[in-house]
Amino acid sequence: MKSRILYIDYMKAVAMILVIMGHVNFANGDVKAWIYSFHMPAFFFCTGLVLRVREQVSLKDSLRNKCYRLMLPYLLWALLYAKFTILNLLMIVYGSYWTIAHAGTSTNLWFLPVMFVALMFFYLFLKTGLANRLVSKLFLLVMAFVIGCFLPHLKIGYPWGTDVAFMAFAFMLLGNISQNYIERLYQYFKAHSSIGLIISFILFLIMFAGTQTYLL
């Protein structure tokens, strides 16, 4: 059984809390916009933190595993929420946010196909043999971000949210690049708990100040 990396669990927990906060009506639109600006990128960043670069990776096995863990739940829950018609089925299979919404199913499911496509991008990158090179990762990160920003807009969106998946892939790469640095930072704060508490308090004040600024 794989051991848990606690600080990544904490980061995901904070992101989950922010997702819940963003979906309830306790705050105005500006506060939600502030939350939405980083809470989903945080999930993709955390995913990159746990992705390991290995010389041997089976694309077939990775595809099968992620289909079972991401796409199968997506299809099952989407069909469960939606009224079954051939048109709704086709829109669910297409899998963009627009088609998911117009199929009458839960729009929260958009995350699953986007995560699937972004992970496939990562596994394809591993197959190139360039994943151990920092320069290659940085170049691909910038390219993925640029593509995600400048892809032509489609009214119905791209299949499986591929345009968003480019952005998700960029944040995954950023997390993957940051693995060793964040681990060292965590170990330092763990050994110097007082400094960690001070920085945590400062971050809390910054977040609180940001929220209050939006409320003004």
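Numbers here are sequence positions counted from 1.
F125 is connected to L134 through a chain of hydrophobic side-chain contacts under 4.5 Å among Ile, Leu, Val, Met, Phe, Trp and Tyr, so both are in one cluster. Under the 4.5 Å side-chain heavy-atom criterion for grouping Ile, Leu, Val, Met, Phe, Trp and Tyr, Y74 is connected to L80 within one hydrophobic cluster. L174 and F166 end up in the same hydrophobic cluster when Ile, Leu, Val, Met, Phe, Trp and Tyr side chains are linked at under 4.5 Å. The hydrophobic clustering, which links ILVMFWY residues whose side-chain heavy atoms are closer than 4.5 Å, places L124 and F169 together. Using a 4.5 Å cut-off between side-chain heavy atoms of Ile, Leu, Val, Met, Phe, Trp and Tyr, with links allowed through other members, V142 and F150 fall into the same hydrophobic cluster.
Remark: the backbone N or O of F43 is paired with a side-chain donor or acceptor of T47 at under 3.5 angstrom. No donor-acceptor pair under 3.5 Å is formed between the side chain of W110 and the backbone N or O of W160. Panel note: side chain Y81, backbone A103; no donor-acceptor pair is recorded below 3.5 Å.
The structure places CG of N88 at 9.0 Å from OG1 of T105, a figure rounded to the nearest 0.5 Å. Put simply, CE on M71 and CG on L76 are 11.0 Å apart, with the number rounded to the nearest 0.5 Å. Rounding to the nearest 0.5 angstrom, the gap separating the OH atom in Y97 from the CG atom in L109 is 10.5 Å. In this structure, the separation between CG on L87 and CD1 on I92 is 10.0 Å, given to the nearest 0.5 Å. The CG atom of N176 sits 11.0 Å away from atom CG of L140, with the distance rounded to the nearest 0.5 Å. The CH2 atom of W77 lies 13.5 Å from the CG atom of L75; values are rounded to the nearest 0.5 Å.
Annotation: side chain of F116 is in contact with side chain of L63 (closest heavy-atom distance under 4.5 Å). Counting heavy atoms from C-beta outward, F121 and T162 have side chains that approach closer than 4.5 Å. Two residues are said to be in side-chain contact when any heavy atoms from C-beta on lie closer than 4.5 Å; F145 and M167 meet this criterion. You'll find the side chain of L119 reaches within 4.5 Å of the side chain of M172, heavy atoms only. The shortest side-chain heavy-atom distance between F122 and S62 does not fall under the 4.5 Å cut-off. Within the 4.5 Å cutoff, the side chain of K66 has heavy atoms near those of the Y123 side chain. Between W98 and L154, the closest side-chain pair of non-hydrogen atoms is not below 4.5 Å.
In terms of heavy-atom proximity, C67 sits nearest to P73 at O-CD, 4.4 Å. For the residue pair G95 and I100, the shortest heavy atom distance occurs at O-CD1, 3.8 Å. G157 and Y94 make their closest contact through O-OH, 2.8 Å (heavy atoms, listed as atom of the first residue, atom of the second, distance). The minimum heavy-atom distance linking A165 with V117 is given by the pair CB-CG1, 3.5 Å. Nearest approach of I156 to T99, heavy atoms of both residues: O-CG2, 4.0 Å.
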> Under the side chain to side chain contact (heavy atoms under 4.5 Å, CB included) criterion, do M40 and F171 qualify, and how do the steps go?
Replying inline: CA-CA 10 Å; M40 293 313 299; F171 282 106; over 6 Å; no

> Passes side chain to side chain contact (heavy atoms under 4.5 Å, CB included), L126 versus L51? Steps please.
Replying inline: CA-CA 11 Å; L126 292 185; L51 290 174; over 6 Å; no

> Does the side chain to side chain contact (heavy atoms under 4.5 Å, CB included) test come out yes or no for V114 and Y158, once each step is laid out?
Replying inline: CA-CA 10 Å; V114 167; Y158 286 81; over 6 Å; no

